[in-house]
Amino acid sequence: MAVAKELLQMDLYALLGIEEKAADKEVKKAYRQKALSCHPDKNPDNPRAAELFHQLSQALEATYDKVRKAKKQAAERTQKLDEKRKKVKLDLEARERQAQAQGSEEEEESRGASTLEQEIARLREEGSRQLEEQQRLIQEQIRQDREQRLSGKAENTESKGTPKLKLKWKCQKEDESQGGYSQDVLLQLLKKYGEVLNLVLSRKKAGTAVVEFATVKAAELAVQNEVGLVDNPLKISWLEGQPRGTAGPSHSGQSKGSVLSERDYESLVMMRMRQAAERQQLIARMQQEDEGQPT
């Protein structure tokens, strides 16, 4: 794949802030962080933002080129070994099958070159798809950040202090797993709605906790949408900071008095899809950890 002459003179790994031996996962993570920081929508006053964002896109594709080159070198080493084996065979059958062996060698080399070309094309296509996916995720995150800023301006300023919610779930006193809700699990479920300032699990009463959000909007979204684990649902209610005119928790859909406007509907659908996927991943990880513990 052709790369611009000026890009070839740059240290691509320094541009991404990673080492040359970095894994593919680290390369993608570094690219996304860098791209987010210099995306044109994030830097409207920077005339070079679009140029730098384009260079970063080329940098990720260049790292995949390095992988393809390594595979090509491995294929060449394998081909040399094959040639040695073929030489032994030709020496043993030189008088009887020299012409036939020669033709077979050319055919084998042609087939090996064709296979290598197919592998290079496959890697190039895969790298392009991954690049497009990373760019799509960046655009989605920028859109969500913009919506959060807009919705944050419309928060109810009449409420006093930070909003606090009460969480309840089924849990026996002797249950060391706390019904599946450790502090880390609760934070993972709640922080996607906004910044969590504090989370305290009750030591006296099993299956209860109090969470404090930084914004009323985040608390409203948690009350309206969070249901917790499938096999042990959460019950969420207001303790402090509930805006006037808002209803209690409702996980079955939006009502006429919902705090979410029609403008937020698309964001809510995306959030619920991610929420469902995160629950499945969390359940799978907990099951793996349980299976790995000694009985």
Side-chain angles (χ1 to χ4, degrees), residues 32-33 35-37 39 41-45 136-169 178 181-202 207-229 233-279 281-282:
R32 186 177 181 187
Q33 291 175 345
L36 273 175
S37 65
H39 193 278
D41 291 349
K42 285 275 191 175
N43 301 271
D45 298 329
R136 186 190 67 78
L137 291 174
I138 290 171
Q139 293 290 347
E140 175 63 19
Q141 185 167 343
I142 291 173
R143 185 183 67 80
Q144 291 178 7
D145 290 345
R146 185 184 296 113
E147 288 186 356
Q148 286 182 353
R149 289 196 301 270
L150 292 175
S151 62
K153 296 179 181 179
E155 288 182 357
N156 193 327
T157 57
E158 296 181 1
S159 60
K160 298 180 179 180
T162 54
K164 300 177 180 63
L165 305 178
K166 182 177 181 180
L167 313 177
K168 294 182 65 178
W169 63 91
Q178 303 184 58
Y181 290 100
S182 64
Q183 188 166 19
D184 290 339
V185 171
L186 288 171
L187 283 173
Q188 186 173 0
L189 293 173
L190 297 171
K191 66 183 180 181
K192 58 178 171 285
Y193 300 106
E195 182 182 359
V196 176
L197 298 179
N198 198 12
L199 176 65
V200 180
L201 277 71
S202 175
T208 60
V210 174
V211 60
E212 179 182 11
F213 281 98
T215 63
V216 175
K217 183 68 174 180
E220 289 176 334
L221 290 173
V223 171
Q224 290 285 328
N225 300 287
E226 186 55 53
V227 296
L229 301 178
L234 279 177
K235 294 182 180 180
I236 305 179
S237 58
W238 287 92
L239 280 181
E240 296 180 11
Q242 180 178 7
R244 295 179 181 178
T246 58
S250 174
H251 303 298
S252 61
Q254 288 181 291
S255 63
K256 294 182 179 179
S258 172
V259 298
L260 298 177
S261 66
E262 294 181 1
R263 182 180 60 186
D264 298 322
Y265 179 72
E266 180 183 355
S267 178
L268 175 60
V269 171
M270 295 294 296
M271 180 182 63
R272 285 180 173 171
M273 291 175 64
R274 290 193 302 272
Q275 183 180 5
E278 289 172 0
R279 289 197 196 99
Q281 293 175 359
L282 180 60

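Residue numbers start at 1 and run along the sequence shown.
Within the model, atoms OG1 of Thr162 and CZ of Phe213 stand 11.0 Å from one another, a figure rounded to the nearest 0.5 Å. Distance NZ/Lys166 to OG/Ser202: 8.5 Å, rounded to 0.5 Å. Note that CG of Leu186 is 9.0 Å distant from CD of Glu226, once rounded to the nearest 0.5 Å. Atoms CD and CD1, from Glu140 and Ile142 in turn, are 10.5 Å apart once rounded to the nearest 0.5 Å. One finds the CG atom of Leu190 at 6.0 Å from the CD1 atom of Ile236 (value rounded to the nearest 0.5 Å). Summarising the geometry, atom OG1 belonging to Thr208 is positioned 8.0 Å from atom NZ belonging to Lys168; distances are rounded to the nearest 0.5 Å.
Among all heavy-atom pairs drawn from Tyr193 and Asn225, the shortest one is OH-C, 3.8 Å. Across all their heavy atoms, Tyr181 and Pro233 have their closest contact at OH-C, 3.9 Å. Residues Ala218 and Gly194 come closest through the heavy atom pair CB-CA, 3.8 Å. Pro243 and Val216 get closest at one heavy-atom pair: CG-CG1, 3.1 Å. Contact between Leu165 and Ala222 at its shortest, heavy atoms only, is CD1-CB, 4.1 Å.
Using a 4.5 Å heavy-atom cutoff, the side chains of Val196 and Leu187 are in contact. Side-chain contact between Leu167 and Lys235 is absent, with no heavy atoms from C-beta onward closer than 4.5 Å. Side-chain contact check for Leu199 versus Glu212: every heavy-atom pair is 4.5 Å or farther apart.
No donor-acceptor contact under 3.5 angstrom links the side chains of Gln224 and Glu220, judged on distance only.
In this structure, Trp169 contributes its side chain and Gln178 its backbone to a donor-acceptor pair below 3.5 Å.
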